[in-house]
Asks: 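Just dropping this structure here.
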Amino acid sequence: MERSTKGFSKTIKVNNITMSYDDVGEGKVPIIFLHGFPFDKSMWKNQVNYLKLAYRLISVDLRSFGKSSAGHKKLNIDLFSDDVIQLMDVLEIDKAILCGLSMGGYIALNTISRYPERFAGLILCDTNCIADSKKMKEHRYKTIYQIEAEGINDFAEEFIENAFRRDSFVLKREVVKKIEATILSNTKQVITEGLKALSKRRETCSALSSIKVPTLIICGRNDKITPVQQSEFLHRHIKNSELKIIERAAHLSNLEQPDVFNEHLLDFLMSHSEEFDKKKKNSK
Ligand code: MLT
């Protein structure tokens with residue numbers, strides 16, 4: 001009997017790792033969700049629940065994160081991106097809409113610049129196209145040494161402080177606690193290897209003008225990690241793009257303001273539905 005690849009918590013062999021993913025709902029062009037660092041696919045739960053009656057939604061645990069295995073290669077953005085393409089190949093998906101938040105956005109931009117023919121649309125959330133500055137690289141390596149000496153608790157605390165608005169520590173306590181638990185569920189090694197991968201990533205700003213598909217850019221007004229100006233830059237340089245700034249949200253805008261975030265997603269998907277379907281037909 002053929003094993004179903006659809007449902008929650010599925011596993012699949014991709015690029016010499018076992019990838020854990022959710023694949024739910026039906027739709028002509030699937031939307032693939034890529035989480036930020038150092039999280040997992042559960043960060044998209046709210047979006048998946050909201051859209052699953054009308055769309056096919058695939059959220060993945062990137063290698064080393066969540067329930068996916070690590071493999072033997074050093075983490076890097078090209079490798080994450082190759083995993084996405086191989087997942088599409090194995091699931092026989094010729095075209096998808098790629099949605100990534102922060103590191104997920106770095107991967108989405110890398111992937112679409114290398115494999116433009118595989119995507120019908122792009123959703124970039126709280127992300128940017130730049131490489132790390134010298135100062136940022138130094139900060140990442142200082143953090144790596146600190147984690148190696150003392151563990152990941154201080155890193156998790158600093159990350160949480162920067163990622164959320166102040167009032168979320170009171171008003172959205174459960175969300176903050178869940179993200180903190182996700183960060184703390186990673187090993188020291190995954191965090192330090194992830195930080196190295198982020199610090200080594202290439203810029204993708206020079207490839208923005210070649211993105212031709214409908215693109216939605218979302219950013220929390222109070223994002224300190226990937227500030228609004230960086231999303232404005234993406235919007236200026238991606239021709240067919242629209243920018244939505246979410247008020248009362250910081251870096252994790254899909255978690256801090258899920259209702260507004262979901263409405264933007266749905267509006268974007270509905271307003272381009274004919275275009276997405278046409279792209280799918282043409283690729284047959
Ligand atoms: C993320 O949320 O993925 C990270 O904050 C990205 C980064 O540190 O550059």
Side-chain angles (χ1 to χ4, degrees), residues 32-44 47 59-66 68 75-81 83-84 98-111 123-144 146-147 152 154-165 168 175-176 178-186 190-205 217-231 233-234 246 249-258 261:
I32 300 179
F33 290 92
L34 307 176
H35 60 80
F37 170 85
F39 315 124
D40 61 30
K41 60 180 169 341
S42 67
M43 76 171 300
W44 297 112
Q47 285 65 51
S59 37
V60 305
D61 281 343
L62 293 162
R63 66 168 62 211
S64 291
F65 297 95
S68 287
L75 297 182
N76 68 72
I77 301 295
D78 283 343
L79 186 61
F80 289 130
S81 156
D83 293 346
V84 172
L98 204 47
C99 172
L101 185 138
S102 198
M103 177 179 78
Y106 309 158
I107 300 166
L109 282 167
N110 172 306
T111 314
I123 304 169
L124 299 169
C125 321
D126 298 279
T127 193
N128 65 41
C129 59
I130 56 176
D132 270 5
S133 62
K134 189 165 171 274
K135 197 166 152 222
M136 187 61 190
K137 280 191 209 283
E138 281 166 8
H139 179 69
R140 299 232 200 245
Y141 275 86
K142 218 172 115 203
T143 309
I144 291 170
Q146 188 207 4
I147 291 172
I152 63 173
D154 287 355
F155 164 80
E157 201 178 309
E158 191 197 331
F159 192 100
I160 296 283
E161 288 285 320
N162 286 325
F164 288 103
R165 274 170 59 92
S168 290
V175 174
V176 175
K178 164 83 178 70
I179 276 293
E180 189 176 21
T182 308
I183 298 176
L184 291 172
S185 70
N186 290 289
V190 168
I191 303 275
T192 54
E193 288 304 312
L195 287 167
K196 286 180 203 165
L198 291 172
S199 80
K200 287 185 186 135
R201 76 183 188 281
R202 294 189 305 274
E203 64 82 29
T204 46
C205 304
I217 301 159
I218 300 182
C219 190
R221 169 78 68 200
N222 312 113
D223 188 342
K224 286 192 278 183
I225 297 176
T226 48
V228 165
Q229 293 87 311
Q230 297 181 344
S231 284
F233 183 92
L234 295 173
I246 301 192
H251 188 54
L252 303 174
S253 56
N254 70 317
L255 297 173
E256 268 183 322
Q257 295 300 339
F261 188 99

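In what follows, residues are counted from 1 in the order of the sequence shown. As the structure lists them, so they are numbered: ligands from 1, and atoms in each ligand from 1.
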Asks: Salt bridge between Lys135 and Glu138, side-chain N to carboxylate O under 4.0 Å?
Replies: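 No salt bridge links Lys135 with Glu138.
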
Asks: Met136: heavy atom below 4.0 Å from ligand 1, yes or no?
Replies: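 The answer is no, since Met136 has no heavy atom less than 4.0 Å from ligand 1.
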
Asks: Quick one: side-chain hydrogen bond (donor to acceptor under 3.5 Å, both in side chains) partners of Glu203, sequence neighbours excluded?
Replies: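 Residues passing side-chain hydrogen bond (donor to acceptor under 3.5 Å, both in side chains) with Glu203: Ser206.
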
Asks: Nearest 0.5 Å, please: how far is CD1 in Ile107 from OG1 in Thr204?
Replies: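 Those atoms lie 11.5 Å apart.
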
Asks: Give the atom numbers and elements of ligand 1 that come within less than 4.0 Å of a heavy atom of Met103.
Replies: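 Result: 1 (C), 3 (O).
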
Asks: Based purely on interatomic distance, does Gly36 place a nitrogen or oxygen under 3.5 Å from a nitrogen or oxygen of ligand 1?
Replies: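 No; the residue has no nitrogen or oxygen that sits under 3.5 Å from a nitrogen or oxygen of the ligand.
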
Asks: Looking just at side-chain N and O atoms, do Thr226 and His251 make a donor-acceptor pair shorter than 3.5 Å?
Replies: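 Yes, because at least one side-chain N or O of Thr226 sits under 3.5 Å from a partner of the opposite role on His251.
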
Asks: Would you say Arg140 touches ligand 1, if touching means a heavy atom closer than 4.0 Å?
Replies: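 Arg140: in contact with ligand 1 (<4.0 Å).
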
Asks: Considering the heavy atoms of Ile225, write down every atom of ligand 1 situated less than 4.0 Å from one of them.
Replies: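 Checking each atom against Ile225, I get 5 (O).
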
Asks: Does the ring center of Phe37 lie less than 6.0 Å from the ring center of Phe159?
Replies: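 So the answer is no for these two rings.
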
Asks: Numbering the atoms of ligand 1 from 1, which are under 4.0 Å from a heavy atom of Ser102?
Replies: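 Close to Ser102: 1 (C), 2 (O), 3 (O), 4 (C), 5 (O), 6 (C).
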
Asks: Between Ser253 and Asp126, do the side chains contain a donor N or O and an acceptor N or O under 3.5 Å apart?
Replies: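 Per modelled atom types, Asp126 and Ser253 side chains form a pair under 3.5 Å.
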
Asks: From atom 9 (O) of ligand 1, work out which of Phe159, Tyr106, Phe37 has a heavy atom at the shortest distance.
Replies: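 Ranked by closest heavy atom to atom 9 (O) of ligand 1, first place is Tyr106.
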
Asks: Please confirm whether Arg201 comes within less than 3.5 Å of ligand 1 when only nitrogen or oxygen atoms on both sides are compared.
Replies: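 Checking ligand 1 against Arg201, no N or O pair falls under 3.5 Å apart.
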
